[in-house]
Number of protein chains: 2
Amino acid sequence: MTLSSPSAAAAEPNAAVGPGSEVVDKTLTASRALLGVIARSLAPVMDAVTLPQFRVLVVLWNFGPLRMGELALRLGANQSSFSRFADRMVAGGLIARSASTENRREVIISLTKEGSRIYAEVTEARRQEISEVLSRLSGSEQETVLAGFEAFARAAGEPRADETLILGM
Amino acid sequence: MTLSSPSAAAAEPNAAVGPGSEVVDKTLTASRALLGVIARSLAPVMDAVTLPQFRVLVVLWNFGPLRMGELALRLGANQSSFSRFADRMVAGGLIARSASTENRREVIISLTKEGSRIYAEVTEARRQEISEVLSRLSGSEQETVLAGFEAFARAAGEPRADETLILGM
DNA sequence: TGTCATGGTTGCTATAGTACATATATTGCA
DNA sequence: TGCAATATATGTACTATAGCAACCATGACA
């Protein structure tokens, strides 16, 4: 059974997609492959940073320095839990506490050089690995991948931050 | 810059793919989307099972009942650590210990009904969610996704079990 | 039968993460 | 000034994961 005999697709786009269909299977397979890519990109830094800690690096990279409470909120963590969590990351040289200039009770958390380096290392490894995988494909196949991923990402939308948090990412 | 001007692609398929190219970007975006799907499928069971524990369910589902040592090996865990890890899962009703019929020192671990149910629940949710995402696309777009994911999965290959382990999956 | 190998458990220890309640410092405002 | 609100840190406690070493039970084999 093909997914879209042109006529059927035009009449009812969704009819052919069910939890057991071929596209779903292929998507699941590809998602395993991508999970592998993500995992491999993370592996080299896992001795310096835990998964939940890496997530902090991601958030700080994307939003810049944040107050403790703000950061805890974004990570869905209890403030008091996060304080000690931060202790460990400071001890590990990944983040730094600094006093806010405008309000002396606030504590600003920012990435250290080392924290940034680790984030960049993972991102770079991920890009490297993906480009290596893609280089095994011909130019037209790469076009195919591009179009497919583009369509899927558009339909799926960006995951909410608190969702990927479940995976520690 | 397009990835494959037909002539260039024919001459040197890999030339256009670099860590900064558009396909790589789209792939990363799609991988985030898929991560979201995976995370959401896991969320409902996270009160009954931890991520490392879920991985045990996956292994047992795929390989069937295994000896303690064999299972520990596949999970990259220390045997003694795994023994207590198993204690918790037994207490949680997810797996069962049973004596081997042929060798009285061996202990066989198998999925309980509840363990199987949880695994199935996650898998089903994942398929459901993917099919829901895909249903937002037209039939021809679904074809595009199918082709793209198929090509990518083929180029990437299945991840090694010990790799996805990093993510607790 | 004695010895060694194999499979698993237990004692001990350590770390990460998490939460609740409480303490402390600071700020804003009446 | 004094009190309430805000921002963070600490006391305490619990769970999950993890490793090493020692230990017990069983099996294999000389």
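A, B, ... follow the sequence lines: proteins, then strands. Residue 1 opens every chain.
Taking 4.5 Å as the limit, every side-chain heavy atom of V58(B) sits out of range of all side-chain heavy atoms of V122(B). Between D87(A) and R84(A) the shortest side-chain heavy-atom distance falls below 4.5 Å. Annotation: side chain of L34(B) is in contact with side chain of T27(A) (closest heavy-atom distance under 4.5 Å). At a threshold of 4.5 Å between non-hydrogen side-chain atoms, the residues Q53(B) and F85(B) count as touching.
In this structure, T144(A) contributes its side chain and S140(A) its backbone to a donor-acceptor pair below 3.5 Å. Between the side chain of T112(B) and the backbone N or O of G93(B) there is at least one donor-acceptor pair closer than 3.5 Å. With hydrogens and angles ignored, the 3.5 Å screen pairs a side-chain donor or acceptor of Q142(A) with a backbone N or O of L134(A).
Think of the region where chain B sits on DNA chain C: with heavy atoms and a 4.0 Å cut, that region ends 5' and 3' at dA5(C) to dC12(C).
Regarding L51(A), its CG atom lies at a distance of 14 Å from the P atom of dT17(D), rounded to whole Å. Straight-line distance from the CD atom of Q53(B) to the C1' atom of dA18(D): 14 Å, rounded to whole Å.
Contact between A151(A) and V145(B) at its shortest, heavy atoms only, is CB-CG2, 3.8 Å.
Among residue pairs with one or both ends in residues 37-47 of chain A, those qualifying as side chain to side chain donor-acceptor pair (under 3.5 Å) are R40(A)-E129(A), R40(A)-E163(B), S41(A)-R126(A); sequence neighbours excluded.
Under a hydrophobic clustering in which Ile, Leu, Val, Met, Phe, Trp and Tyr are joined whenever their side-chain heavy atoms come within less than 4.5 Å, directly or via other members, L73(A) and M68(A) fall into different clusters.
For the atom pair OG1 (T29(B)) and CD (E150(A)), the distance works out to 9.5 Å, reported to the nearest 0.5 Å.
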Step by step, would you call T123(A) with L28(B) a side-chain contact (heavy atoms from CB on, under 4.5 Å)? CA-CA 10 Å; T123(A) 306; L28(B) 279 166; 5.7 Å; no
side-chain contact (heavy atoms from CB on, under 4.5 Å) between Q128(B) and E132(B), intermediate numbers included: CA-CA 6 Å; Q128(B) 198 65 52; E132(B) 204 231 291; 6.0 Å; no
Set out, in order, the CA-CA distance, both residues' side-chain angles and the distance that settles side-chain contact (heavy atoms from CB on, under 4.5 Å) for R97(A) and I108(A), then state yes or no. CA-CA 6 Å; R97(A) 276 189 174 94; I108(A) 308 295; over 6 Å; no
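At a non-hydrogen distance threshold of 4.0 Å, N78(B), S80(B), S81(B), R84(B), F85(B), R88(B) from residues 72-90 of chain B come into contact with DNA chain D. Near DNA chain D, meaning a heavy atom under 4.0 Å from it, residues 62-71 of chain A has R67(A), M68(A), G69(A) in order of number.
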What N/O pairs connect the protein and nucleotides 27-30 of chain D at under 3.5 Å? Give each pair on its own line.
from: dG27(D); atom 1: OP1; to: R104(B); atom 2: N; distance (Å): 2.9
from: dG27(D); atom 1: O4'; to: R105(B); atom 2: NH2; distance (Å): 3.4

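Residues R127(B) and E124(B) are not paired through a salt bridge, judged by the lack of any N-O separation under 4.0 Å between the basic side chain and the carboxylate.
Consecutive Watson-Crick or G-U pairs involving DNA chain C, each under 3.5 Å on both distances, make up stems of three or more pairs at C:1-30 with D:1-30.
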